[in-house]
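Because the structure is a prediction, the values reported are computed rather than measured. The analysis underlying the following values was restricted to heavy atoms, covering all of them including side chains, and did not include hydrogens, waters or symmetry mates.
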Amino acid sequence: MIGRIWHGWTRPEDADTYEALLKTEIFPGILAKQVRGFRRIELLRRPLGDEVEFVTIMWFDAIEAVKAFAGEDHETAYVPAKARAVLARWDARSQHYELREVRESAGPDRPAEAG
């Protein structure tokens with residue numbers, strides 16, 4: 001699996017507008033493309049004093065699926081015009097990481113399965 005990670009920042013007063021735009025237009029538009037090998041998109045948000053940082057992580061089966069989504073220059077960030085209107089700044093390029101391992105908790109609220 002490949003994680004495509006991107007960062008964008010808004011002014012605090014624009015953060016809710018940007019998050020709503022992601023949830024109601026941008027993410028549904030990405031999902032509607034039905035790119036083969038695209039699995040999911042995740043949204044993270046945190047306040048940073050005079051700005052709010054957003055991180056998106058898109059998950060793909062392989063780098064070929066990333067290229068099917070983003071084109072041959074697959075590191076170029078996908079930032080629609082409506083997003084640019086409310087973002088204060090953003091990464092021009094996305095970073096891509098190969099998922100090497102996943103481990104899940106078997107803590108008290110998630111007991112290990114008997115095997």
Side-chain angles (χ1 to χ4, degrees):
M1 295 260 308
I2 303 293
R4 175 183 172 93
I5 300 174
W6 176 86
H7 301 81
W9 295 264
T10 68
R11 296 175 304 166
E13 58 268 24
D14 293 329
D16 289 342
T17 299
Y18 180 62
E19 184 173 338
L21 178 65
L22 287 170
K23 291 177 176 180
T24 62
E25 292 186 40
I26 296 173
F27 286 4
I30 289 170
L31 293 169
K33 293 177 187 231
Q34 296 187 340
V35 174
R36 172 170 269 156
F38 168 66
R39 296 295 163 205
R40 70 181 181 272
I41 189 165
E42 300 169 347
L43 175 63
L44 307 173
R45 172 179 168 166
R46 72 175 175 154
L48 288 173
D50 62 348
E51 58 186 6
V52 177
E53 179 183 21
F54 289 87
V55 178
T56 59
I57 307 173
M58 298 177 72
W59 291 98
F60 295 87
D61 287 341
I63 200 68
E64 293 76 21
V66 174
K67 290 178 180 177
F69 167 74
E72 199 56 38
D73 184 13
H74 64 280
E75 290 186 353
T76 298
Y78 171 70
V79 186
K82 282 187 173 183
R84 292 172 188 253
V86 292
L87 287 166
R89 60 189 179 98
W90 59 86
D91 289 344
R93 309 207 38 94
S94 297
Q95 302 86 42
H96 298 86
Y97 296 87
E98 183 180 337
L99 179 63
R100 303 297 294 181
E101 184 171 356
V102 174
R103 295 187 186 201
E104 295 191 19
S105 170
D109 59 333
R110 293 187 67 183
E113 293 190 26

How far does [atom1] of [X] sit from [atom2] of [Y], to the nearest 0.5 angstrom?
X: Tyr97; Y: Ile57; atom1: OH; atom2: CD1; result: 10.5 Å
X: Lys67; Y: His96; atom1: NZ; atom2: NE2; result: 10.0 Å
X: Leu87; Y: Phe54; atom1: CG; atom2: CZ; result: 8.0 Å
X: His7; Y: Leu44; atom1: NE2; atom2: CG; result: 8.5 Å
X: Ile63; Y: Met1; atom1: CD1; atom2: CE; result: 12.5 Å

Donor-acceptor under 3.5 Å ([X] side chain, [Y] main chain):
X: Arg39; Y: Asp61; answer: no
X: Gln95; Y: Arg93; answer: yes
X: Asp91; Y: Trp6; answer: no

Original post:
Around atom CD of Glu13, are there more than 12 heavy atoms of other residues, nucleotides or ligands at under 6.0 Å?
Top reply: yes

Subject >> Greater than 12 external heavy atoms within 6.0 Å of Arg36's CZ >> reply: no

Please report the closest heavy-atom contact between [X] and [Y], naming both atoms and the distance.
X: Ala83; Y: Tyr18; result: CB-CE1, 3.8 Å
X: Val35; Y: Ala68; result: CG1-CB, 3.9 Å
X: Val55; Y: Ile5; result: CG1-CG2, 3.9 Å
X: Arg4; Y: Thr76; result: NH2-O, 2.9 Å
X: Leu99; Y: Trp59; result: CB-CZ3, 3.9 Å
X: Gly49; Y: Pro12; result: O-CG, 4.0 Å

Close side-chain approach of [X] to [Y], heavy-atom, < 4.5 Å:
X: Arg45; Y: Asp16; result: yes
X: Phe69; Y: His74; result: no
X: Ile30; Y: Met58; result: yes
X: Arg100; Y: Glu98; result: yes

**OP:** Could you label the plane-to-plane angle of the Phe60 and Phe38 rings as parallel, tilted or perpendicular, counting under 30° as parallel and over 60° as perpendicular?
**Re:** tilted

Original post:
Under the 4.5 Å side-chain heavy-atom rule for ILVMFWY, direct or indirect, which residues accompany Trp9?
Top reply: Leu48

